[in-house]
Amino acid sequence: MQLRTIISTALVAAPLAVSAAGTLGFAVGNTNPDGTCKKSSDFESDFKAIKDNTDAAIVRTYSSTDQFGNACNTPSEVLPAAKSAGIKVLLGLWPDGGAWEKEKAALDAADPASFGDALYGITVGSEGMYRGTYNAEELVGWIQETKKDYPNTLVGTADSWNCWANGSMDSIISSGLDLILANGFAYWQYQDIKNATKTYFDDMAQALAHVQEVTGSLDKIHFMNGETGWPGTGGTDAGAAKAGDDNMESYWKSAVCGLLDWGVDLFWFEAFDEPNKPSAIGDNGQEASESHWGSFDAERNPKFDMRC
Ligand SMILES: *[C@@H]1O[C@H](CO)[C@@H](O)[C@H](O)[C@H]1NC(C)=O
Ligand SMILES: *[C@@H]1O[C@H](CO)[C@@H](O)[C@H](O)[C@H]1NC(C)=O
């Protein structure tokens with residue numbers, strides 16, 4: 001397959017070819033289709049669907065509050081469910097718009113360190129550098145505060161692959177964080193499905209290569225793909241990128257199974273359709289639906305076979 005040639009040139013120094021397969025994870029929202037905050041029992045149903053239908057061992061969340069700023073206390077709800085399901089959680093905090101204190105307080109209230117292995121780590125922020133909703137100095141401060149309070153927990157942040165690759169996040173790479181999550185969507189780069197896997201691998205290779213250059217190491221910071229995905233049927237097209245369940249499945253088989261094969265951990269965005277999710281505005285200024293990105297529908301039925 002062509003891909004192997006491309007990636008082995010791009011990542012010639014990386015230990016990917018000799019490492020074990022990557023770990024599959026899912027992004028999960030913290031609200032139900034009716035807009036209410038997910039409780040432990042809702043997360044339990046999420047995890048049952050994920051475990052019954054996939055090889056995933058980890059999920060990531062984004063925030064302790066819902067999109068309207070209502071407290072969902074997500075850390076306190078998701079961790080007990082994960083522990084009983086034998087799933088790990090990468091807990092996300094959403095510091096945008098002055099929410100840091102509130103997000104951090106909801107984390108502390110959950111006593112996350114008491115959940116042992118069920119807590120994989122904590123991420124502070126998701127694509128805020130890309131969106132310009134906080135700056136590098138603020139982010140470094142939050143990461144270091146989290147690290148100080150949870151010294152035995154992995155702490156990281158997620159952002160778009162191009163921000164990791166182009167030098168604008170170098171102070172964050174050097175801030176002492178443990179996890180770098182680079183998000184990459186060939187869809188948002190308006191790629192035809194035929195070129196999507198190549199684009200995705202290229203994105204990841206550029207981000208990882210720059211992180212390795214800045215740290216002077218191949219693996220000092222654990223590098224993960226924080227999000228990738230493709231909208232299913234009912235979603236919006238983005239240029240040559242066409243939404244549809246068939247393209248989602250084909251992207252999964254090629255891009256997701258391919259990157260896992262190369263030993264990179266990744267999170268699929270997202271597990272379940274979120275019919276209540278507001279639309280996103282693409283780089284072209286057009287509104288795009290974000291409610292059909294699940295590889296499961298909103299009732300937690302799988303859309304296709306997710307085993308690689
Ligand atoms: C890096 O990429 C981001 C996202 O495209 C952009 O906003 C930023 O201006 C770029 N920074 C540099 C230094 O090129
Ligand atoms: C396909 O993806 C590669 C890698 O990102 C890119 O260089 C190339 O321009 C893409 N081709 C098209 C037709 O967009």
Side-chain angles (χ1 to χ4, degrees), residues 1-12 14 16 94-97 123-140 143 156-175 177 180-215 221 223-231 236-244 247-248 250-262 264 266 269 280-286 288 290:
M1 205 175 130
Q2 287 299 326
L3 261 179
R4 299 215 167 236
T5 326
I6 293 157
I7 198 90
S8 61
T9 322
L11 294 181
V12 72
L16 296 179
W94 191 268
D96 308 47
T123 56
V124 179
S126 178
E127 297 191 356
M129 293 293 294
Y130 179 73
R131 287 192 308 272
T133 47
Y134 45 73
N135 62 38
E137 205 180 341
E138 290 173 303
L139 182 53
V140 168
I143 289 170
T157 188
D159 224 297
S160 183
W161 69 273
N162 45 350
C163 294
W164 290 116
N166 74 7
S168 59
M169 293 187 69
D170 287 4
S171 64
I172 293 142
I173 298 173
S174 308
S175 70
L177 86 180
I180 284 184
L181 283 82
N183 298 352
F185 289 91
Y187 166 85
W188 287 116
Q189 291 164 265
Y190 314 117
Q191 292 294 316
D192 188 286
I193 189 68
K194 289 200 220 69
N195 201 41
T197 298
K198 188 170 157 186
T199 303
Y200 171 56
F201 270 62
D202 187 43
D203 297 347
M204 292 303 111
Q206 287 188 47
L208 176 56
H210 188 77
V211 170
Q212 291 178 336
E213 201 180 304
V214 173
T215 56
I221 305 179
F223 179 91
M224 313 167 99
N225 169 219
E227 287 179 3
T228 196
W230 197 274
T236 313
D237 295 343
K242 307 292 179 206
N247 281 346
M248 185 195 277
S250 128
Y251 187 72
W252 178 287
K253 298 284 184 226
S254 171
V256 169
C257 295
L259 203 74
L260 290 173
D261 223 18
W262 274 94
V264 182
L266 69 87
F269 181 90
I281 307 295
D283 288 348
N284 61 0
Q286 279 170 19
E290 280 225 278

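Remember, it's 1-based here, ligands and their atoms both numbered in the order they're listed.
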Just jot down the ligand 1 atoms closer than 4.0 angstrom to any heavy atom of Cys163, in number order. 3 (C), 4 (C)
For ligand 1, which atoms sit closer than 4.0 Å to a heavy atom of Ser168?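 Going through ligand 1 atom by atom, the ones under 4.0 Å from Ser168 are 1 (C), 11 (N).
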Within the 4.5 Å heavy-atom criterion, are [X] and [Y] side-chain neighbours or not?
X      : Y      : result
Met204 : Val264 : no
Phe201 : Trp262 : yes
Asn162 : Gln206 : no
Thr157 : Met129 : no
Glu227 : Phe185 : yes
Met248 : Tyr187 : no

Indicate whether atom 11 (N) of ligand 1 is within a distance of less than 4.0 angstrom of some protein heavy atom. yes
For atom 14 (O) of ligand 2, is the nearest protein heavy atom closer than 4.0 Å?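 Protein heavy atom within 4.0 Å of atom 14 (O) of ligand 2: present.
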Output the list of atoms in ligand 2 that are nearer than 4.0 Å to some heavy atom of Gln191, sorted by atom number. 1 (C), 10 (C), 11 (N), 12 (C), 14 (O)
Can you name the atoms of ligand 2, numbered from 1 with element, that are less than 4.0 Å from a heavy atom of Asn195?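 By the 4.0 Å cutoff, the relevant atoms are 1 (C), 2 (O), 3 (C), 8 (C), 10 (C), 11 (N), 12 (C), 14 (O).
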Under 4.0 Å, heavy atoms only, figure out whether ligand 2 is touched by the backbone of Asp202, its side chain, both or neither.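 Answer for Asp202: side chain.
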The criterion is ring-ring contact (aromatic ring centres under 6.0 Å, His included); which residues satisfy it with Tyr251, sequence neighbours excluded? Tyr200, Trp230
Considering only non-hydrogen protein atoms, determine which one is nearest to [atom] and report residue, atom name and distance to 0.1 Å.
atom                   : answer
atom 7 (O) of ligand 1 : Tyr130 O, 4.9 Å
atom 5 (O) of ligand 1 : Asn162 ND2, 3.1 Å
atom 6 (C) of ligand 1 : Asn166 ND2, 4.2 Å

